[in-house]
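Some notes on the structure that comes next.
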Amino acid sequence: TAPAPAVATTPTPVPPSARPGAGEPDTTLTGSPTPAITSVAAPLPATAGAPATLTEGWSMPCAWHAASIKLNAETIARPRLGIRMTSRIHAPTAAIRSRIPFEVCHSGRHVDPMPLAADAPLVRLSSTGGLELAGRHWVPRGVNSYPLLQHAAAGRLQDIQDIFAQARSLGRPLLRAPAFLDSGDGPAPTRDARGRALEAGLRALETLLALAADGGVRLILVLANYWPDFGGVPALLEMVAPGERLPRDAFFVDERAIASQLAYQAALVSRVNHVNGRAYARDPSICAWELMNEARSPRWLFRFRRAPLELARWARRMSDGLRTAGARQLIAWGGSGYLGQHGEDLRRIAAEGGVDLLTLHMYGTALRAWPGRRRADAAIAWGERCITSRVRVARAAGLPLLLEEVSWKPGSGGDLERARVRGAWLEIADGLGVGTLPWMIGERGRVDYDGYLIRPEDLATLSVLRKCQPSRNWDRL
């Protein structure tokens, strides 16, 4: 929702379109290693005043409690949910932040990795339309981090470990990341100029998977991108039809493009990891294969009123290709969750029977023009409608729904506003049993290129990511 950033040894600015989902108005949906932490590294200066406190499910890093920092109180109202939260949240001074270990800033606790054994259970569909892990009901709680494969290709393994440590400390040991670098201008692209898989790029992916297994996290691997980030569909069409300048929609009906994508999927699924010897097809560190980030057909196919049907058929062919290649993990859709707009209809995707996981992406970009508090109130109400309507679609199809991209770019309210809106959305999703993956985290010191990066100083946002409890009974759905 987020042109493709080059892989580099230093952070490369990402254009606004780099967030999967950017690119057109959203009117409907739209390092260094982290040290092991047992206590705060140095005593923090006490400040006169009462200790920082939070109510109604909000929490703060233990370092702030230890410092007894006096914080400004702000009342957060959520009229649509019948909740009032009083949060005493205020960004500490840089002088204080600099004396607190990075992982404490993110979570207030250190979580040691629990490596995933080669015979660890895979995530499965349950008989009730949900997910299960090791025979028990499981609701995914994860986070996005698109630079992971970039870091692996460039050899920045400490940055990967840093991101994994953040995810664990947030209680979200599931990460969604690309399994492709198709731009061809980095140190380890995954395909050559003719669309064939390249060994260097696949070995970088294997390094990432091995680190995930050692770090006790699971990955949702995205196999393609509609947008031009890391190459995306425009680069793939140029590989199979050089000079023809095909529209992006052709990717879903051109047999050359379909054959190339099926071949790439098969090349991945049939591999054995050169680092740890695990077959991709049975690797428990792969939670799911995702067909494409935000696939859609808004122009060419839409003119012939075939877009939703062709997109659903493409999803079925890609899913069948993965299973034929031997993939035993789940298959996720990856779309924004539109119900007929932009050539995507989640109902058709579900009815076609190819995917195991339906997806929804939420940013509410069209609502940011509203003034002040009304903007946040409108966003919360809009989010409730979006989530509940997609849950109905998923339940009718007997499939789980994953809110796999969710963020909010605040106005003058800053991190408090973002936490309020995103916290309400996450709470609604949790109450409905919907898994969530907020957008996004990166390595320590990463520049926030588009305003969506979750940083160590975003204490209110970090709080709602760590702890979000259902507040209503949603059985009526």
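Since the structure is predicted, the reported quantities are computational estimates derived from the model, not experimental observations.
- The closest side-chain donor-acceptor pair between S145 and R176, if any, does not fall under 3.5 angstrom.
- For Y452 and Y363, the ring centers are positioned less than 6.0 Å apart.
- When atom types are taken as modelled, the side chain of N273 and the backbone of G277 share no donor-acceptor pair closer than 3.5 angstrom.
- Residues E206 and Y280 bring a donor and an acceptor atom of their side chains to less than 3.5 Å of each other.
- Within a 6.0 Å radius of CZ in R124, more than 12 heavy atoms belonging to other residues, nucleotides or ligands are found.
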Test L268 against T190 for side chain to side chain contact (heavy atoms under 4.5 Å, CB included), laying out the working first. CA-CA 10 Å; L268 292 183; T190 52; over 6 Å; no
Yes or no on salt bridge (charged side-chain N to carboxylate O under 4.0 Å, His left out) for D458 and R455, after CA distance, side-chain angles and deciding distance? CA-CA 5 Å; D458 297 330; R455 303 166 300 173; 3.2 Å; yes
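- In this structure, the side chain of Q166 engages the main chain of G442 through a donor-acceptor pair within 3.5 Å.
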Using side chain to side chain contact (heavy atoms under 4.5 Å, CB included), reason through L148 and F164 one step at a time and then give a plain yes or no. CA-CA 10 Å; L148 284 171; F164 287 169; 4.0 Å; yes
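- The minimum heavy-atom distance between K409 and G451, with the atom names listed, is CE-CA, 4.2 Å.
- One finds the CD atom of Q265 at 8.0 Å from the CD1 atom of I331 (value rounded to the nearest 0.5 Å).
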Evaluate the salt bridge (charged side-chain N to carboxylate O under 4.0 Å, His left out) criterion for residues D119 and R282: first the C-alpha distance (whole Å), next the side-chain angles of each, then the deciding distance (0.1 Å), finally the verdict. CA-CA 9 Å; D119 59 351; R282 300 184 300 275; over 6 Å; no
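- The pair R203-E199 meets the salt-bridge criterion, with a side-chain N (NZ, NE, NH1 or NH2) lying under 4.0 Å from an Asp/Glu carboxylate O.
- Within the model, atoms CG of D450 and CG of D448 stand 6.0 Å from one another, a figure rounded to the nearest 0.5 Å.
- Residue I454 comes nearest to I441 through the heavy atom pair CB-CG2, 4.2 Å, listed as atom of the first residue, atom of the second, then distance.
- The closest donor-acceptor contact from the side chain of R172 to the backbone of T436 lies under 3.5 Å.
- Looking only at atom types and distance, the side chain of R466 has no donor-acceptor partner in the side chain of S169 under 3.5 Å away.
- Note that CZ of R191 is 12.0 Å distant from OG of S183, once rounded to the nearest 0.5 Å.
- H151 is not listed as a side-chain neighbour of L157, based on a closest heavy-atom distance of 4.5 Å or more.
- Judged purely by distance below 3.5 Å, without hydrogens or angles, the side chains of W227 and E294 pair a donor atom with an acceptor atom.
- With contacts defined as side-chain heavy-atom distances shorter than 4.5 Å, the pair M239/S260 does not qualify.
- Taking 4.5 Å as the limit, every side-chain heavy atom of Y226 sits out of range of all side-chain heavy atoms of F251.
- Contact of the L131 side chain with the H137 side chain is not registered, since no non-hydrogen atoms from C-beta on lie closer than 4.5 Å.
- In this structure, the separation between CD on E352 and CG on L311 is 10.5 Å, given to the nearest 0.5 Å.
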List the steps and the verdict of side chain to side chain donor-acceptor pair (under 3.5 Å) for Q261 and W314. CA-CA 11 Å; Q261 186 64 12; W314 177 87; over 6 Å; no
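- Heavy-atom minimum distance, S126 versus E132: CB-OE1, 3.8 Å.
- Taking the six-membered ring for Trp, F230 and Y146 have ring centres closer than 6.0 Å.
- Inter-residue side-chain proximity for M362 and W408 is flagged as unmet; no heavy-atom pair is nearer than 4.5 Å.
- Remark: D415 CG to R420 CZ distance equals 14.0 Å, nearest 0.5 Å.
- For the pair L209 and R278, the minimum side-chain heavy-atom distance is 4.5 Å or more.
- Side chain of R418 to main chain of T461: no donor-acceptor pair is present (N/O by atom type, distance under 3.5 Å, no hydrogens or angles).
- Residues E443 and Q161 are not in side-chain contact: their nearest non-hydrogen atoms beyond the backbone lie 4.5 Å or more apart.
- With rounding to the nearest 0.5 angstrom, the CG atom of L399 is 11.5 Å from the CD1 atom of I349.
- The heavy-atom pair separating A315 from W333 by the smallest distance is CB-CZ3, 3.7 Å.
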Just do the side chain to side chain contact (heavy atoms under 4.5 Å, CB included) check on T207 and H274 with the steps written out, would you? CA-CA 8 Å; T207 299; H274 78 284; 4.3 Å; yes
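- Checking side-chain atoms of S285 against main-chain N and O of A213 turns up no donor-acceptor pair under 3.5 Å.
- Residue L357 comes nearest to P400 through the heavy atom pair CD2-CG, 3.5 Å, listed as atom of the first residue, atom of the second, then distance.
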Using the rule given for side chain to side chain contact (heavy atoms under 4.5 Å, CB included), can you reason through L403 versus R390, listing the C-alpha separation, both sets of side-chain angles and the distance that settles it, and then say yes or no? CA-CA 10 Å; L403 180 55; R390 274 64 179 185; over 6 Å; no
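- The two atoms that bring V139 and G433 nearest to each other are CG1-O, 4.0 Å, heavy atoms only.
- Donor-acceptor pairing under 3.5 Å is recorded for the side chains of S407 and R422.
- At a threshold of 4.5 Å between non-hydrogen side-chain atoms, the residues E404 and W439 do not count as touching.
- Under the 3.5 Å distance criterion, the side-chain polar atoms of W425 are matched with a main-chain donor or acceptor of A379.
- Using a 3.5 Å distance cut-off with no hydrogens or angles, the side chains of Q329 and W289 do pair a donor with an acceptor.
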